[in-house]
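A quick write-up on the structure given underneath.
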Amino acid sequence: MGFSYWGPLLVERAAFNRRDHQLVQKAVEYLASIHSSDSPHLHLLLQSGYKPSQDVAEDLFARPNVATTESIAIHKIIAHEYSNAIGLLENDNSIQYLQRIETITQVLILSRKWKSIDELDSRLSSYAKSKGDKLEPNDRLLSTKIKLLFTAANYLQGRYLDCLRCFLTVLEEDATVIDVLTRESVCTFCTNDELVMMISISAIVALSLDHYEDFLQLEDLAPFYNIAQPFSKWLSLLIQTSYRDFLQEWDKIDSKCLSSLFLSQKWREARKSMRDKIYVFYLRISNYVEIPYLSKTLQIDLKTVCDDLHELIEGLKLNFIIKDLVVCYKNRYDISNLADGLISSNQLLLERSEAIRMQNDVLRSKVQESIITNNSREEDRNCNRRSVNNVFDEGHEECNSMFETD
Amino acid sequence: MDYDPDEYQEDNYDEFMISDDEVEVEIEMEDESDQSLKESDILNTSQNVHVQSDDFDQCDIMYQDTLARANSMIQEHHYNEAIAVLKETISQCQSVKISMVPILSQLIRCRYFAWKAETSLEDKRLQLDAFKQDVRALKQASGATHILDNSESFCSLINELAPSLGSNFILDRRLITDVENILCSKLCLDEFDWIKNEQDATLRQTRLLQYEIGLQQLPEACFNANEQILVEELYNNTQNNLDHLDNLEFLLAWYLFNAMHSKYNTKLERLEELVITISALMKDSFSKPLSLMTIMHFSEAYILFGHINNLRLNHSQVLQCNTELWESYKYLEEIGNKTEFRDLTLCGFILSNMLLIGHRTDLQDIISPFELEQVKILESELLQDLEEIYQAFVDYDMTRFANGLASIERFYYILHPLVDNLVHLLQVRKLWHHVAMCHSCISLADIQEKLSIDQSSPPSRNSILTIIMQSIMDETAQVYFKLDLTRDLVYFGEENRKPLSPYTKATYLASQSNAEQDSTTASKEEWVDNIGVFNLQPRRMKGLKPSAFVQELQNTREAPTTTDYTLQSRTLKYSQLAEYVRDTMR
């Protein structure tokens, strides 16, 4: 390989691919060279079977030699203290502006802070605007590289159409991006192969089946097709509706994608999307289709097809039902369903109103009962009061007679 | 014209062997001729005495007169008379200080034609000796610099004795495979190896290479030089300017011929490169050699074939191919070429014309290629065959179409992209214009039979499915349809227009958003957009810039689905309402 990874990323990649002893060794040696033992992955690396020499081990735990802000930032990145690292980098004027933006973008990708990347995008365009959109060759190269990082960031968020759009915009602005993608650099973040794959996968996922042919015929994309060999093959297979062959092409790159720190993040999702896209197409054209037929035609194992279709039909509430491994078209909400629903609603309403009526009856009778009881009580009370009054009246009269006697 | 050099082998082999013997004899004679040259020099010097220097004017008049006379004699093929006249004048003018170059050049021309015209071996040998002698005399006469004067140039002499083979690889193979013709010219060129002037020397050298490459077309047993190395040498010695147009034309023809016959794994890159170079030169040039133009246009079409592989041609490719073949054919007509190559071009043109009909049914509005003047005047069996194919195509008559194709099978090796596309087009047309219109339900097996061109090998079930599936993608499906893949049936008709989901994208996302977070909804949206479950209206996106293409795609995703007043959406609403009522009541 004619390139080397950017230090902090070397450590991340080694932690991701711990079986790659050569990579692990390189990563540990790198950490030793800068005297950094802060990586949260360090114990994993040291447990992976690689035994560092005495010197390396001593160097690892030696006092860090941090001469520049940049080297402090690198230590922070390795320690996953991304916010601190970004803070340091933002204020480090010893690094050229675009160089700084590039490093910050890389840190943001590692820390998955996507919103901040969108902000960087606008900072980059205002920088270009301030230069009258005429960048020096070196700045131009850096700007293109940063935009490629944005492209990667979109893939990592599963924003496939945005990933494609981002790349096509770069291609339109700066055709030399194709050269950039064919020359590996010394301090690689995403390899060119990874970038080309991200763009290719994104295009395949984001484009609809109807548009592959138009896309393949875009003349301006010819240079990209030249460097992305499998991509045009995928497109051709999809155009010819050779879905099985296409899926098999993707099977072939499965292990490669899974072993890439970046590609692996969305690879499974992308594959699932492609399977779903193909199922949807089959559902679009058929009333009845057997799951074993799909499994055989597409060479996907039966269980996967079964699970995928269940998820698809139920998740999207499609007008299909699966009955004895046959997928059949059935209106989810057809008139008879509606009638059944209305009848059951009616039934419910009747039951409910009956219940309420009965409750009302009970209530009414209770009320009546209590009225009666109340009434009778009232009468009793009235009676009593009257008799009390009579007694009073008699006493009064007695008193009066008493006064009269005085 | 015949494309297979092997077929010429037997015919020319004997002839060739004779010529080969001749060469050997001639080479043996060379020493003697050197001798005789010296003798004649001495003779000439002695004759010089007879001519006085003050006779210059008189001599000049005679000189010019002789040249003119010789010229007309050559035109009447009276070579020996011309030689006699020229020789006499040469001997009379020896003492005069007058350039012998024009007259010697004329003499060499005569010798060459006489040599070629001779029938007896002995006479041929004598003529060749004399030819060599005269070339040596010319060498002497042209002085130390070996530059001819203005009236005569090596270029024109070489062009007459060994004309550029140009497009003959394609346009007239008889000239390439004529052993005697090739050998004679090559021998002439060998004699001029003393030419010093750079321009003339390059011309001689590259012309010699042309003839050496020409020789390779003869039976391999006799010449094993590596043809490719020779071609590479010629390519490297050829500059991209109009002076080298002959060589460029030769190279273009060579690459085209070998690519067409899949010899030497000829890659299309070189052919493309030559086409680009020559087109650029032609832009600035007033003269456009017909033969070059014809193979240029054909090459453009051929390059296009090479790029399609087994993909379908799209409309603009068919159009381009049609235009190029038509241009090529018109030039062929102008040249008066009646070879098989003309037939091939015509056949390609007619087939591409049929492809241009595409899915149109308003055939009365389409001008048939047989109405074109340049085609009409042709009276050949091929034209009848092509008309038959055309008629069968528009009549959806598979059997007649198959028979028609059999009659042009000899062109299949070049025109297969057109033929394959045409077969496919006819099948798609027949499916949608005939089968789908007449059936509400039909089995895949029956469709296979109906779309079969060759009864012995009908299209596979898979290829029928592919046609049906692709018809959705490219919007060629004329009616709604649904497949029953459990019983291999196809249903056609409006009633098969059934929505995948009762939801629209907006109502679906709204139904999801209550329960979930924004980020999940965003990824759900991305997912439903990617799998295309709600965006069922395809939009054509041709001729856009890549970024505009993606923007258009984005617009498709964001476009609100037109309010669907179908029963389906009303039912959905009532059902949801009823469900809502029930839920609240429970």
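Below, chains carry the letters A, B, ... as their sequence lines are ordered, and counting in each starts from 1.
Pairing each heavy atom of A:Leu168 with each of B:Pro546, the nearest pair is CD1-O, 3.6 Å. Closest non-hydrogen pair, A:Arg165 versus B:Gln551, comes out as NH1-OE1, 3.0 Å. The minimum heavy-atom distance between B:Leu553 and A:Ala206, with the atom names listed, is CD2-O, 4.1 Å. In terms of heavy-atom proximity, A:Leu316 sits nearest to B:Tyr503 at O-CD1, 4.3 Å. Nearest heavy-atom pair across B:Tyr508 and A:Gly315 is OH-O, 3.1 Å.
Within the 4.5 Å cutoff, the side chain of A:Leu209 has no heavy atoms near those of the B:Ile472 side chain. Between B:Val533 and A:Leu318 the shortest side-chain heavy-atom distance falls below 4.5 Å. For the pair B:Met469 and A:Ile285, the minimum side-chain heavy-atom distance is below 4.5 Å. You'll find the side chain of B:Met473 stays beyond 4.5 Å of the side chain of A:His211, heavy atoms only.
Each of A:Phe320, A:Phe215, A:Tyr282 has some count of heavy-atom pairs under 4.5 Å with chain B, and the biggest count is that of A:Phe215. Between chain A and the options B:Val490, B:Asn496, B:Leu485, the largest number of non-hydrogen pairs under 4.5 Å is found for B:Leu485. Note: B:Thr466 leads B:Leu489, B:Ile468, B:Thr466 in heavy-atom pairs under 4.5 Å with chain A. Interface remark: of the candidates A:Ser208, A:Cys328, A:Ser242, A:Ser286, A:Ser286 forms the most heavy-atom pairs closer than 4.5 Å to chain B. Among A:Val326, A:Leu164, A:Val327, A:Leu207, the residue making the largest number of heavy-atom pairs under 4.5 Å with chain B is A:Leu207.
Only the side chain of B:Tyr491 comes within contact range of chain A, judged by heavy atoms closer than 4.5 Å. B:Leu465 touches chain A through its side chain: at least one heavy atom from C-beta onward sits under 4.5 Å away, while N, CA, C and O do not.
Atom CD of B:Glu495 is surrounded by more than 12 heavy atoms from other residues, nucleotides or ligands within 6.0 Å. At most 12 heavy atoms of other shown residues, nucleotides or ligands fall within 6.0 angstrom of atom CZ in A:Arg268. For A:Lys113, the NZ atom is densely surrounded, since the number of other residues' heavy atoms within 6.0 Å is greater than 12.
To the nearest 0.5 Å, the span separating CD on A:Glu269 from CH2 on B:Trp527 amounts to 10.5 Å. To the nearest 0.5 Å, atom CD of residue B:Glu525 and atom CZ of residue A:Arg159 are 11.5 Å apart. If you take CD on A:Gln217 and CZ on B:Phe549, they are separated by 10.0 Å, rounding to the nearest 0.5 Å. Atoms CE and CG, on A:Met274 and B:Asn530 in that order, are 9.0 Å from each other to the nearest 0.5 Å. How far CD1 of B:Ile531 is from OG of A:Ser273: 7.5 Å, rounded to the nearest 0.5 Å. Atom-to-atom distance recorded for B:Arg557:CZ and A:Leu161:CG is 4.5 Å, nearest 0.5 angstrom.
Every residue two or more places apart in sequence or in another chain that forms a ring-ring contact (aromatic ring centres under 6.0 Å, His included) with A:Phe224 is listed here: A:Phe167, A:Phe231.
Contact residues of residues 287-300 of chain A toward chain B are A:Asn287, A:Tyr288, A:Val289, A:Glu290, A:Tyr293 (heavy-atom distance under 4.5 Å).
For the residue pair A:Glu213/B:Asn314, the side-chain donor-acceptor check at 3.5 Å is not satisfied.
Applying the salt bridge (Lys or Arg N to Asp or Glu O under 4.0 Å) test to pairs two or more places apart or on separate chains, none has a residue in residues 198-207 of chain A. Pairs of residues two or more places apart, or lying in two chains, that qualify as side-chain hydrogen bond (donor to acceptor under 3.5 Å, both in side chains) and include a residue from residues 166-178 of chain A are A:Thr144-A:Asp174, A:Lys147-A:Glu173, A:Glu172-B:Ser547, A:Asp174-A:Thr176.
In this structure a side-chain-to-backbone donor-acceptor pair under 3.5 Å is present from B:Lys482 to A:Arg284. Proximity of a side-chain donor or acceptor of A:Asn319 to a complementary backbone N or O of B:Pro499 within less than 3.5 Å is detected.
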